[in-house]
Every structure is written in C-alpha cells, then in structure tokens.
*Asks:* 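Before I ask anything, here is the structure I am working with.
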Amino acid sequence: MEKIKMTTPLVEMDGDEMTRILWKMIKEELLLPYIDLKTEYYDLGLEHRNETDDQVTIDSAEATKKYGVAVKCATITPNAARMTEYNLKEMWKSPNGTIRAILDGTVFRKPIIVKGIEPCVKNWQKPITLARHAYGDVYKNTEIKVPGAGKAELVFTAADGTEIRETIHTFTGPGILQGIHNTDQSIASFAKSCFNYALDTKQDLWFATKDTISKKYDHNFKDIFQEIFDAEYKEKFEAAGIEYFYTLIDDAVARVMKAKGGFIWACKNYDGDVMSDMVSSAFGSLAMMTSVLVSPDGVYEYEAAHGTVQRHYYKHLKGEETSTNSVATIYAWTGALRKRGELDGNRDLTDFADRLEKATVQTIEAGKMTKDLALITSRKEVTVLNSEDFIKAIRETFDSLA
Ligand code: NAP
Ligand code: MG
C-alpha cells in the first residue's frame, strides 16, 4: 500500500518519561507504516531543554505559529526533586505555560468516550469540552490580612495621574482583603479562541459568569463575549447551525448535570479550575482526556491531558512490564493530523485520523485495554494488555478496517 503524503509539516514536540516511550511506539506502529510523516521535530525532553537553556521550547512555539498545527508529548515541569535528578542549570518553567504565553491560547479538554467506560453522570452521552480562561482573577491576586479597624479602598491611578477611588469596606475589627484583575485583551483572546473552536468542532458554546452579583467585573466578561460574537461570529454560527448560549454560573452547573453533552463549556479561571477536575473525573479517566491549545488567530497544539506517568516509567527502567494507556496521546496525533489534513485539503490524512480513532475505540470496546481501564470498565470479559501490546492490538484493528 502506498503511504499517505503530507504537504506541510506538523510541529512535533517530543517529551519525557513514559509518554516519550509511548510516543516512539505510536509513531513506529501506528503512523510511519501508513504515512510519509513530515514533521519539524523539537525535543522538549527535559535534558534537551536544559542543554538549550529552554530555547527549544520557545522555538517550538514559534514554529507552531508559523505552520499552524503542533502535536506535543507530555513533559516534566521541573521541581526541586527534578533539579537533582536531571542536574538542571535552572528550574525551567512549565513548557505548557511558555507555549501558552507565546500563542496566547486557551486550552480545551475533551474526554474520549467508549462503551464500557461510562461517565458517572448517566445522561452524559456525548463529551463535554471544557475551556478554562487561563489568566488573572484569583490566580494573580493581591491579598491583605486586615489587622483591625480601618477603611479599605480600591484605587486606580491612571497614566495621567487621575484617580478612581471606591470604598470597599470600613472595618470595625480584623478581616481580609483581596484585589484581583483581568484585561480586556485577555478576555477577548479567550472569547475568540472559544468561538473559533466551537466553529471548528461544530458544537454549541456555553459561557457563564456571576454578572448579576459582579455588575462590573463579571459583566465585563459577558459584554466582551457578546460584542465579539455579534460583530464577528453570529452569522458564522448560524451558518454552522450552532448556538452561543450565555447564562449564570449556577444555572450552567445545574444544566450541565442534566445535559446530554456535546457542547463546549467556557469557564472563567477559577470556575474552569474546579469544573475541569469535576468533569474529567466524572468521565472516568485522565488517560482518556485530550487537550488542545487554540490561539485566538486559529493556531492549534494537541496533547494528552495527563502527565509523563512517572511511576510507570520507573517500572519500565527497572525492566518491569507496564500497562500505560496511550489513548490520549494517540488522539493528540489524530487531532493534529486531522487539522493538518483540513488545512491542506488532504482528505487521505483526515480519513486516516478518523480511522485510527475508530480503531482505538473498537479495540477497547472489544475488551482489549490497559490496566487503568480494566479497573473501571463495566465489561465482564477483559483482556489486560501491556503498553506495547495494546498499541499492537490497535494496529490489528486498524488493518482490519481497511
Ligand atoms: P501523571 O503523569 O498524569 O500521572 C499520575 C497518575 O495517573 C499515574 O501515576 C497513573 O496512576 C495515572 N495515569 C496518568 N496517565 C496515565 C496513563 N496514560 N495510563 C495509565 N495511568 C495513567 O501525573 P504525575 O505523575 O503527577 O506527573 C508526572 C510528571 O508529569 C510531572 O513531572 C509533571 O510535571 C508532568 N505533567 C505534565 C503535563 C503536561 O505535559 N501536559 C501535565 C501534567 C503533569 P497509577 O500510578 O496509579 O497507575
Ligand atoms: Mg485544578
């Protein structure tokens, strides 16, 4: 069989530990035999980040801007223990943080649904994609522990010296104070990324804040979303047959629990932090959660939502067998290949991505899975496979689908 040709390279960001091992297996078993794979390779493994003073991370983000689509392996975010383990020159920043800052993107997390791994919420038949605004609010706050009686004020001094001053509270005893902020630019980028991703995936977009209580702060989020929607996206949404829906956060939570799924839920920073963990744990497994970073101007970076699965890697290093789930990493590749195919009008590539996802799902639904899924499946008969055999089983299913 002739291999599928590619016209534009994918930006390939290699990573660390167990996911680096899976990365290689996925390429060798599931991609290279079928595709004349064109990638621009960046090694984001911690050793190479350290050698290049983390320049490689910046270069990979710039390349993503240039080509439009990247696929990333999970990477170590260094902490004190990693400093000694890898003999690091510096405690390098999280690569995801660096890439997100350069692309100004929003992360969308989406569960992969298979029969036999049922969500805890029984009416969730389709995935719920969660988008979290990743800037500001309580994550960039200033706090004061008020020692005793006194007046707290909110003061803004403009560049020209003029002041806006509001009384927050007149304390009669000890208490607490918190100052938070956001910027119109960051909110607008978030809104555009959400609208673009909704159009891209043909799903409704839900957004919620507490604007009835926070009449300026949260209301500003609501207004910016609505202005951008009316000016740039309304007609496109109508043409695509999808909806933008705004409601209050408590109403959104109640509706999500009763919904069938199949939509994107955009959240402010704190709401997204809380709700993404709730949604992903309710859907079953971190190993079945994909993630895509979408920039406001439509650049995409695909990855798995989980980390480098360190514990399994140490077993692997000791020569022990591992049963690490490669599904989310496979979907990072299929997501990126499909997007590349769409942008280049390469039907063979989009078909390949569809077929590989189908093969992955069918393999699990036939009872062949890794240990993490075997522990949570409702299926009675299960074959637990090791990391490599699971990927080989997917290849077998893939070949049978031809
Ligand atoms: P992790 O890699 O997500 O793994 C935590 C645990 O979840 C694993 O020990 C394993 O449980 C289970 N798990 C996660 N993914 C799995 C998979 N694919 N198959 C089977 N089980 C899976 O998180 P971590 O151990 O806290 O972090 C390890 C490293 O990853 C850290 O250095 C962190 O900085 C990095 N990290 C990177 C990213 C990223 O690049 N996007 C995200 C998060 C963390 P059992 O051990 O019980 O089997
Ligand atoms: Mg959290």
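Note: hydrogens, waters and symmetry copies are ignored here, and every other heavy atom, side chains too, is used. Please read all numbers here as calculations on a predicted model, not as lab measurements. Counting from 1, the numbers follow the sequence of the chain as shown. Both counts, for ligands and for their atoms, begin at 1 and track the order of listing.
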*Asks:* Quick one: does Q310 get an N or O within less than 3.5 Å of an N or O on ligand 1?
*Replies:*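 For ligand 1, there is no N or O atom that lies under 3.5 Å from one belonging to Q310.
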
*Asks:* Is it true that D344 and R340 make a salt bridge, defined as a side-chain N closer than 4.0 Å to a carboxylate O?
*Replies:*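 R340 and D344: salt-bridged.
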
*Asks:* Report yes if D372 has an N/O atom closer than 3.5 Å to an N/O atom of ligand 1; otherwise report no.
*Replies:*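 Between D372 and ligand 1, no N or O pair is found under 3.5 Å apart.
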
*Asks:* Starting from atom 46 (O) of ligand 1, locate the nearest protein heavy atom and write down its residue, its atom name and how far away it is, to 0.1 Å.
*Replies:*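 Checked against all protein heavy atoms, atom 46 (O) of ligand 1 sits closest to R311 NE, 2.5 Å.
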
*Asks:* Could you find the nearest protein heavy atom to atom 40 (O) of ligand 1 and give me its residue, atom name and distance?
*Replies:*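 Protein heavy atom with the smallest distance to atom 40 (O) of ligand 1: T75 N, 3.0 Å.
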
*Asks:* Counting only heavy atoms from other residues, nucleotides and ligands, does the tally under 6.0 Å from CD of Q55 exceed 12?
*Replies:*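 Correct, the count exceeds 12.
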
*Asks:* Quick check against the 3.5 Å criterion: does T397 have a side-chain atom that pairs as donor or acceptor with the backbone of A393?
*Replies:*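 Checked: pair present.
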
*Asks:* So does K358 pair up with D354, basic N to acidic O under 4.0 Å?
*Replies:*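 No.
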
*Asks:* For atom 41 (N) of ligand 1, what's the nearest protein heavy-atom neighbour? Residue, atom name and distance, please.
*Replies:*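 Result: E303 OE1, 3.3 Å.
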
*Asks:* Among protein heavy atoms, which sits nearest to atom 14 (C) of ligand 1, and what does the distance come to when rounded to 0.1 Å?
*Replies:*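 Sorting protein heavy atoms by distance from atom 14 (C) of ligand 1 puts H306 CB, 4.0 Å first.
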
*Asks:* Do the charged groups of K315 and E17 touch, with an N to O distance under 4.0 Å?
*Replies:*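 No, K315 and E17 are not salt-bridged.
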
*Asks:* Going by atom types alone, do D137 and Y217 pair a side-chain donor with an acceptor below 3.5 Å?
*Replies:*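 A pair is found: one side chain offers a donor N or O, the other an acceptor, under 3.5 Å apart.
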
*Asks:* Once the angle between the rings of F225 and F190 is folded into 0 to 90°, is it parallel (under 30°), tilted (30 to 60°) or perpendicular (over 60°)?
*Replies:*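 Taking F190 first and then F225, their aromatic rings stand perpendicular (interplane angle over 60°).
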
*Asks:* Among protein heavy atoms, which lies nearest atom 43 (C) of ligand 1, and at what distance?
*Replies:*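 Protein heavy atom at minimum distance: G307 CA, 3.5 Å.
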
*Asks:* Report the member of C73, P78, A287, A81 with the shortest heavy-atom distance to atom 17 (C) of ligand 1.
*Replies:*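 That would be A287.
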
*Asks:* Quick one: which ligand 1 atoms are inside 4.0 Å of a heavy atom on A74?
*Replies:*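 Near A74, meaning under 4.0 Å from one of its heavy atoms, ligand 1 has 40 (O).
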
*Asks:* At a 4.0 Å cut-off, with the gap strictly under it, does some heavy atom of H312 reach an atom of ligand 1?
*Replies:*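 H312: in contact with ligand 1 (<4.0 Å).
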
*Asks:* If you measure every N/O of N325 against every N/O of ligand 1, is any gap under 3.5 Å?
*Replies:*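 N/O-N/O distance under 3.5 Å: yes.
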
*Asks:* Is at least one protein non-hydrogen atom found at under 4.0 angstrom from atom 6 (C) of ligand 1?
*Replies:*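 Protein heavy atoms within 4.0 Å of atom 6 (C) of ligand 1 - there are none.
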
*Asks:* If you define the side chain from C-beta out and look only at heavy atoms, does anything of E62 sit under 4.5 Å from I102?
*Replies:*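 The answer is yes, as the side chains (C-beta and beyond) meet within the 4.5 Å cut-off.
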
*Asks:* Going by atom types alone, do S387 and T322 pair a side-chain donor with an acceptor below 3.5 Å?
*Replies:*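 Yes, because at least one side-chain N or O of S387 sits under 3.5 Å from a partner of the opposite role on T322.
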
*Asks:* Find out whether the Lys NZ or Arg CZ of R165 is both under 6.0 angstrom from the six-membered ring centre of F156 and within 45° of the ring's axis.
*Replies:*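 No, R165 does not lie over the aromatic ring of F156.
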
*Asks:* Within the side chain of R49, is there an N or O that forms a donor-acceptor pair under 3.5 Å with the backbone of L44?
*Replies:*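 A pair under 3.5 Å: yes.
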
*Asks:* Tell me the protein heavy atom at minimum distance from atom 31 (C) of ligand 1, and give that distance in Å.
*Replies:*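 Going by distance alone, atom 31 (C) of ligand 1 is nearest to R82 NH2, 3.8 Å.
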
*Asks:* Could you tell me whether V309 and ligand 1 have an N or O pair separated by under 3.5 Å?
*Replies:*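 N/O-N/O distance below 3.5 Å exists for this pair.
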
*Asks:* Does an N or O anywhere in T324 fall below 3.5 Å from an N or O of ligand 1?
*Replies:*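 Among all N and O atoms of T324, none is under 3.5 Å from an N or O of ligand 1.
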
*Asks:* I76 heavy atoms, cut-off 4.0 Å: which ligand 1 atoms fall inside?
*Replies:*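 So the answer, numbered in order with elements, is 32 (O), 34 (O).
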
*Asks:* For K371, state whether at least one heavy atom is located under 4.0 Å from any atom of ligand 1.
*Replies:*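 Contact check K371 vs ligand 1: negative.
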
*Asks:* Which of the numbered atoms in ligand 1 are below 4.0 angstrom from a heavy atom of K72?
*Replies:*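 Those qualifying, in numeric order: 40 (O).
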
*Asks:* Which option out of I99, T77, L46, T308 puts a heavy atom nearest to atom 30 (O) of ligand 1?
*Replies:*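 Heavy atom nearest to atom 30 (O) of ligand 1 belongs to T308.
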
